[in-house]
Amino acid sequence: MFVTHLECSLTGEHYPAGQPHNLSKAGKPLLVRYDSDRARQTMTRKSLAARQPGMWKWRELLPLAEEVEPVSLGEPETPILPLRVTASKAGADNLLVKDEGRLPTGSFKARGLTMAISMAKQFGIRSVALPTNGNAGAALAAYAARAGMEAVVVCPAETPEINVRETAAYGARVWVADGQIDECGRLIREGAAEGRWFDCSTLKEPYRLEGKKVMGFELVEQLGWKVPDAIFYPTGGGTGLIGMWKAFDELEAVGLIGPERPRMYAIQAAGCAPMVRAFERGDEFAERWEGAATVATGIRVPSAVGDFLILRAVRESGGTAIAVEEQDILQAVEDVARDDGLLLCPEGGAVLAGWRMALESGLVGRDETALLFNCANGNKYPLPDASRRLELGSAEASAL
Ligand SMILES: *Cc1c(COP(=O)(O)O)cnc(C)c1O
């Protein structure tokens, strides 16, 4: 095993590897630490290039012991695609999207949950649960089904119906509740305390982060072992942003990159922007956002247990936190679909809207490489009704 121990992200207190964990005694996320001297012996650019692409090629820096078979649905390496027309209309050159919608269950929640469920299975856990705005529930349910575990999922109202149905299709017990995601989370936490299931809430168990951090490894290798100038990330719980920031340090520790880092931009919707508010106030922790509302349901997260880790990464990187308006989110989705043929999810639309604001205000240069994250397949969300009836044989039909 390459894991040496886990560490409280606030106090640095150590915890042993090889057993299930939730939050630290201080109530903060635990971070997995690795033996980088050992990992660097086998992790070279050349050896990595020769491995089968996908999440599991980074085994030396993943928590699952090498001899253990992961609970997998075939997680691919996701493509990085240029948005040429969108970029040129904005007068920019190097606009890229990492399209995470290609993963099993149609979102990058699969990265975290393939890891968390693989670890849970290894620990003999039989029942898992989490609160979700939709995508995490579907991924939990799919991997739990594959591992032969029971899954329990509680969603806030306004969770996209397709996610609720998909979650149920995998045999999970799923409910839509009358509150926000953190309120659903309380119910999950209470059930876990009573021993009814294991709490798989993001950052409240340490391994989803380890799955999501692979985005950081992957993008650096895909860009020729270079970091982009700027990364734009749709920030809810912030797991991916925190994970990538950790991944860059780990790549440096094993000698695969130097000290260079991208500027990290945390994008939130104006209707739920606790990180933006905390960033602007100079706070270390973020206050809960009351009355959260946005079409970008994946980032409708009023309070995040990793708030200080998001804020720290954004500040250290020289990036910032940006809030975007609903109409700009919808416009961005529409524009990219028409101009570049890619159907972003609303959270991906938020990210593009954030990049447009950053470009306009000069935070990113027109020739800088900006990497946007699209974290789910656009087909998973309701689209405007564009159906028009046609009577075959009518005059209208022959005049199409
Ligand atoms: C969960 C989710 C996010 C937010 O991810 P975090 O890493 O938890 O901040 C963004 N977009 C989509 C589509 C999601 O499902």
Side-chain angles (χ1 to χ4, degrees), residues 29 78 97-113 115-116 130-140 142 153 155-156 158-160 162-163 166-167 181-182 185 200-205 207-216 231-247 264-269 272-276 286 289 292 294-307 309-311 313-314 321 324 329 332-333 343-354 372-382:
T78 62
V97 173
K98 188 155 172 66
D99 187 15
E100 296 279 301
R102 316 294 175 101
L103 285 153
T105 71
S107 89
F108 74 161
K109 294 296 194 297
R111 290 189 186 271
L113 285 150
M115 193 64 68
L130 50 67
T132 176
N133 281 318
N135 288 329
L140 177 84
V153 170
C155 312
E158 290 164 56
T159 297
I162 184 81
N163 279 313
E166 184 186 354
T167 302
I181 188 166
D182 51 349
C200 282
S201 303
T202 195
L203 292 172
K204 291 184 182 163
E205 71 81 53
Y207 302 114
R208 284 176 63 180
L209 177 77
E210 294 304 291
K212 267 196 178 173
K213 82 178 179 189
V214 173
M215 296 187 293
I231 287 181
F232 287 76
Y233 186 79
T235 306
T239 316
L241 191 149
I242 298 165
M244 286 191 279
W245 197 242
K246 181 174 188 279
M264 305 295 284
Y265 292 91
I267 308 303
Q268 299 202 301
C272 182
M275 297 307 141
V276 180
W289 189 274
T294 170
V295 288
T297 43
I299 54 175
R300 195 182 55 194
V301 180
S303 65
V305 64
D307 51 359
L309 298 171
I310 299 169
L311 292 163
V314 169
V324 298
I329 294 176
V333 172
L343 190 62
L344 300 176
C345 61
E347 298 81 357
V351 162
L352 179 69
L372 316 187
F373 271 84
N374 183 52
C375 297
N377 189 322
N379 291 322
K380 292 194 83 178
Y381 296 77

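Every number for a ligand or one of its atoms is a count from 1 in the order of the listing. All of these numbers come straight from a predicted model, not from anything done at the bench.
Closest heavy-atom approach to atom 4 (C) of ligand 1 among the candidates Pro234, Gly238, Ala139: Pro234.
For atom 8 (O) of ligand 1, the closest non-hydrogen atom of the protein is Gly237 N, 3.3 Å. Shortest contact from atom 2 (C) of ligand 1 to any protein heavy atom: Lys109 NZ, 2.4 Å. Of all protein heavy atoms, the one closest to atom 7 (O) of ligand 1 is Tyr233 OH, 2.5 Å.
For ligand 1, the atoms lying closer than 4.0 Å to a non-hydrogen atom of Cys375 are 11 (N), 12 (C), 13 (C). Near Thr235, meaning under 4.0 Å from one of its heavy atoms, ligand 1 places the atoms 9 (O). Contact atoms of ligand 1 toward Gly240: 7 (O) (distance under 4.0 Å to a heavy atom of the residue).
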Would you sort out whether Cys200 and Leu140 count as a side-chain contact (heavy atoms from CB on, under 4.5 Å), showing the intermediate values?
CA-CA 8 Å; Cys200 282; Leu140 177 84; 4.1 Å; yes

Show your working on side-chain contact (heavy atoms from CB on, under 4.5 Å) between Val314 and Leu241 and close with a plain yes or no.
CA-CA 9 Å; Val314 169; Leu241 191 149; 4.2 Å; yes

Could you walk me through whether Ile242 and Ile310 satisfy the side-chain contact (heavy atoms from CB on, under 4.5 Å) test, starting with their C-alpha distance in whole Å, then the side-chain angles of each, then the deciding distance to 0.1 Å, before giving a yes or no?
CA-CA 6 Å; Ile242 298 165; Ile310 299 169; 3.8 Å; yes

Would you please test Gln268 and Thr235 for side-chain hydrogen bond (donor to acceptor under 3.5 Å, both in side chains) and show each step?
CA-CA 6 Å; Gln268 299 202 301; Thr235 306; 5.6 Å; no

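For the pair Ser303/Pro274, no side-chain contact is recorded, criterion being any heavy-atom separation below 4.5 Å from C-beta on.
Proximity of Thr202 to ligand 1 is not established, as no heavy-atom distance is less than 4.0 Å. Put simply, no part of Phe373 is less than 4.0 Å from ligand 1, judged by heavy atoms. Put simply, part of Lys212 is less than 4.0 Å from ligand 1, judged by heavy atoms.
At a heavy-atom distance under 4.0 Å, only side-chain atoms of Asn135, from C-beta outward, approach ligand 1. With a 4.0 Å cut-off on non-hydrogen atoms, Tyr381 touches ligand 1 through its side chain and not its backbone.
A donor-acceptor pair under 3.5 Å links the side-chain atoms of Glu205 to the main chain of Arg208, judged by distance alone.
Note that CG of Leu130 and OG1 of Thr202 are 9.0 Å apart. Values are rounded to the nearest 0.5 Å.
Tested against Tyr233, the residues Lys98, Met215, Met264, Glu347 include a single side-chain contact (heavy atoms from CB on, under 4.5 Å) partner, Met215.
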